[in-house]
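In what follows, every chain begins at residue 1, and chains take the letters A, B, ... in the order their sequences are listed.
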Amino acid sequence: MPKRLRFAIGAGLIVAAIGYLIVTAVRNTAEYYLTVNEVKVRQGELAGQMLRVAGRVAPGSIAWNPVTLTLSFGLAQPPAADQPGVKPVAINVTGATVFHVICRGQPKPDMFAANRDVIVEGSLAADGTIEARQVLTSCPSKYVPKQPAQTQ
Amino acid sequence: MPLIGQLALALALVLAAYSIIANVIGARASIPSLTGSARHALWAMCAMVTVAVGALWTSLLHSDFSLEYVASYTSFSLPTVYKITALWGGQQGSLLFWTWLLTIFTSIVAFQNRRRNSEIAPYALAVLAGLAIFFLGMLNFVTRPFDLLAVVPSDGQDLNPLLQNYWMAIHPPSLYTGYVSASVPFAFGVGALIAGRLDDSWIRSTRRWAIFSWFFLTLGNLFGARWAYEVLGWGGYWAWDPVENAAFMPWLVMTAYLHSVMIQERKDMLKVWNLVLIGMAFGLTLFGTFITRSGVISSVHSFTQSGLGPYFLTFLITIVVLYTGLLLSRVKQLRTPAEFESYLSREAAFLFNNLVLVGIAFAVFWGTLFPVLSEAVRGVKITVGPPFFDKVNAPLALALIFLMGVGPLIAWRRSSFDSLAKTFASPAIFGVTTGIFAFVAGLREWYVLTALSLAAFVLGTIVVEFRRGVTARRHMVSESVPVAIVNLIGKNNRRYGGYVIHIGVVLAFTGIVASAFFKTEVKQSVKQGDSFQVGPYDLEYLGIDTSETPHLESIRARVEVRKNGKPIAMMEPAKLFYKRLQQPATAVAIRSTPASDLYVVLAGIDDQSGLATFQVFLTPLVFWLWAGGLIMALGTVIVMWPNVRERAVIAAAVRASAPFEDDAEIVPGGD
């Protein structure tokens with residue numbers, strides 16, 4: 001066998017192995033990443049599955065127990081005008097779809113507050129409660145909205 | 001000040017445009033005075049950008065809130081050091097900082113090559129000036145750092161509390177330096193392709209730049225991880241967030257590049273591959289900037305995006321298309337007769353190391369882009385989280401560590417089983433013994449056992465190499481062992497510096513594996529005076545201290561740590577409250593020892609019952625991640641250190657105005 005071919009086969013095997021690793025890992029770890037409205041639409045089929053849901057913390061819904069580290073709040077769909085790429089506008093969440101989220105055993109994230117955008121990682125129960133494993137808050141990092149005060 | 005800065009940026013843009021034209025025409029028509037003039041234009045461009053940076057820094061320090069940028073990212077009460085670091089704390093400033101680094105590096109390159117590389121350098125400088133045009137264009141027309149506010153506010157918005165941290169003072173500059181300096185070897189690669197100088201002169205001329213870039217990418221990733229560890233308060237340091245991945249991918253590809261260029265320098269192989277790698281490394285630096293600023297992929301670190309995404313994407317695609325076209329047009333001339341002889345050779349080990357590194361980079365890329373891809377193909381966003389990256393990368397990391405032990409010691413061209421057995425017998429025995437010891441000590445996870453064995457194997461090979469070198473030296477001159485080791489490194493800094501880097505990698509890898517597998521977590525609510533147990537430690541909650549400065553309020557819990565009844569430390573996890581932003585922040589307390597880190601978070605205080613709730617992590621060996629990272633940096637400094645022999649060679653090369661020839665010890669290991 002020519003040496004070039006032999007090496008092509010060896011390299012091909014490595015590439016195939018890496019590809020196989022990626023494919024199986026995707027199959028085992030993939031989670032839906034949905035907005036609140038999308039979850040609402042497909043609520044029946046999603047029950048019991050691990051999800052990532054992007055939404056906004058509904059004002060007046062936050063309950064925090066610092067002893068048991070239990071955080072519960074309503075997760076609402078952000079207004080359409082306020083999608084990524086557009087500068088944040090001060091619109092409060094009103095009358096939108098709301099899921100009840102409970103997160104147990106985690107400290108309340110520093111950035112967590114009413115009207116903040118969050119990603120909730122957890123599973124959806126049949127009654128529409130999201131049992132969260134983790135609540136990720138926006139860490140505005142370097143690219144803070146121009147007027148962060150407006151979103152409070 | 002704002003006017004001066006704005007004007008300087010406009011002038012810099014004009015100068016960059018001029019230097020491209022002058023460089024290209026000067027190189028085509030061989031007019032040295034024109035390329036000389038282009039060089040002066042580049043220096044003037046750098047001076048102009050420096051003026052702009054000075055203007056913005058002055059405004060930041062004087063809290064001139066008539067500037068939108070100053071008002072958005074600082075406040076009166078912000079400590080001075082963070083007023084300085086606010087230069088890269090926001091969008092426009094960080095782009096200006098990036099541009100500044102780019103023009104500084106461009107000027108240095110212009111200076112270094114004023115009398116050499118007359119074929120490639122003008123094109124390379126034109127490429128660098130082209131990059132500068134893009135960034136200066138953004139700064140002049142799209143995201144202007146010197147925009148004024150119609151109404152001057154009485155105080156600014158303040159810097160995000162997460163960024164008010166010393167790691168954030170050094171992490172972005174390190175990472176940016178690594179990103180930006182990667183464009184130098186890339187520019188020389190393009191220059192070589194355009195000029196048709198397809199030997200390895202472009203690689204040799206930019207070897208130091210590539211290592212310099214790798215050095216800062218390493219530190220940038222390390223500092224970023226350390227920042228996450230100390231500031232984010234979840235007990236870990238890496239979450240495979242898109243922003244982290246964006247910094248990690250160029251590092252991986254740059255690592256592959258630094259290894260595979262050794263094969264080209266020594267064996268004249270892999271020419272196309274090296275050009276592909278440097279193109280990928282550079283493209284990934286732009287891609288990283290694109291995904292952190294575009295919002296295409298949601299990241300916990302950058303929810304709020306800017307409108308820069310489309311510009312970066314267009315720029316990136318343009319570069320990829322042009323570069324691919326250029327490379328394809330030269331591919332015939334890049335073919336070499338040399339080929340791989342045997343799987344049991346150093347060439348093969350390096351090739352596989354490259355495939356694994358690029359494979360990891362690809363897996364990270366795939367996982368990062370997966371939500372976008374799945375939405376495009378299947379119409380639904382699906383994400384893969386940290387478990388995906390862990391699953392894919394864990395076996396690949398083992399392969400990489402194994403190759404790290406084999407690569408530097410195996411013979412070139414082909415090796416026999418006999419010589420392999422001789423070279424690797426003692427390291428292999430050492431590795432297996434370590435594994436058995438770990439098993440007897442009670443470890444049962446096969447991954448950890450394999451990882452420890454391989455780590456020991458690699459350390460064994462490095463010890464063998466050092467012993468061989470020291471023995472050889474002591475045969476020739478009478479030296480004590482420590483002196484011989486120092487001289488060995490000094491005389492062969494590239495080779496032995498490389499080994500030092502490998503030691504650092506092994507230690508960091510061990511720290512990562514141990515902290516991933518054996519981290520324990522305890523959550524406890526306690527009254528003042530009560531204590532609870534975490535591993536071998538007893539933690540007693542002594543009480544709360546509150547304090548206040550004009551900038552922030554803090555609530556500090558005092559926790560006494562005891563081991564076997566003896567007090568060993570006082571830890572003070574805290575909650576901070578930034579007044580200007582009305583924003584709480586968590587300050588973690590960490591007690592780090594080589595054996596394990598005790599990481600205490602004040603998770604909550606209940607005002608009614610007086611109960612304080614603590615979240616405590618006990619993480620073994622994580623110390624070695626940071627130590628290993630610093631050893632990697634130290635090794636890189638050794639590699640970069642100019643040695644006398646090399647300097648003489650450069651001087652000779654300059655005198656003969658021949659392309660830069662390097663010394664013979666380009667590749668670790670001899671034949």
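- For chain A, the nearby parts of Tyr343(B) are the backbone and the side chain; heavy atoms of each come within less than 4.5 Å.
- Around the CH2 atom of Trp273(B), the shell of radius 6.0 Å holds more than 12 heavy atoms that belong to other residues, nucleotides or ligands.
- Judged as a salt bridge (charged side-chain N to carboxylate O under 4.0 Å, His left out), the pairs with a partner in residues 22-35 of chain A (not counting sequence neighbours) are, in order, Glu31(A)-Arg52(A), Glu31(A)-Arg133(A).
- Side-chain atoms of Thr586(B) and Pro107(A), non-hydrogen and from C-beta on, never get closer than 4.5 Å to each other.
- Residue Leu159(B) does not touch chain A at all, counting heavy-atom pairs closer than 4.5 Å.
- Using modelled atom types, no side-chain atom of Thr383(B) and backbone atom of Tyr33(A) make a donor-acceptor pair closer than 3.5 Å.
- Annotation: maximal heavy-atom pairing with chain B below 4.5 Å, among Leu51(A), Leu69(A), Thr29(A), occurs at Thr29(A).
- Using modelled atom types, one side-chain atom of Thr613(B) and one backbone atom of Pro66(A) make a donor-acceptor pair closer than 3.5 Å.
- Of all the listed residues (Gly105(A), Ala11(A), Gly10(A)), the one sharing the greatest number of non-hydrogen pairs under 4.5 Å with chain B is Gly105(A).
- Judged purely by atom type and a 3.5 angstrom limit, Gln583(B) uses its side chain to pair as donor or acceptor with the backbone of Asp110(A).
- Phe7(A) and Ala348(B) make their closest contact through CE2-CB, 3.8 Å (heavy atoms, listed as atom of the first residue, atom of the second, distance).
- More than 12 heavy atoms of other shown residues, nucleotides or ligands fall within 6.0 angstrom of atom OH in Tyr82(B).
- Between Ser609(B) and Val67(A), the shortest heavy-atom distance links the atoms OG-CG2, 4.2 Å.
- The part of Ile605(B) that comes within reach of chain A is its backbone (N, CA, C, O), which places non-hydrogen atoms under 4.5 angstrom from that chain.
- Closest non-hydrogen pair, Ala25(A) versus Lys391(B), comes out as CB-CB, 4.0 Å.
- Leu355(B) contributes atom CG, which lies 6.5 Å from atom CD1 of Ile18(A) (distance to the nearest 0.5 angstrom).
- For chain A, the option among Pro387(B), Ala363(B), Ala585(B), Gly604(B) with the highest count of heavy-atom pairs below 4.5 Å is Ala585(B).
- Between Phe388(B) and Ile22(A), the closest heavy-atom pair is CE1-O, 3.7 Å.
- When heavy atoms are compared at a cutoff of 4.5 Å, Asn28(A) approaches chain B solely by way of its side chain, counted from C-beta outward.
- For Phe365(B), the ring-ring contact (aromatic ring centres under 6.0 Å, His included) test picks out Phe287(B), with sequence neighbours left out.
- If you measure heavy-atom distances from Val380(B) to chain A, the contacts under 4.5 Å come from the side chain alone.
- Only the side chain of Ile14(A) comes within less than 4.5 Å of a heavy atom in chain B; its backbone stays farther off.
- Here the straight-line distance linking atom CG of Asn65(A) with atom CG of Asp606(B) works out to 6.5 Å at 0.5 Å rounding.
- Note: Ile382(B) leads Ile382(B), Leu351(B), Val356(B) in heavy-atom pairs under 4.5 Å with chain A.
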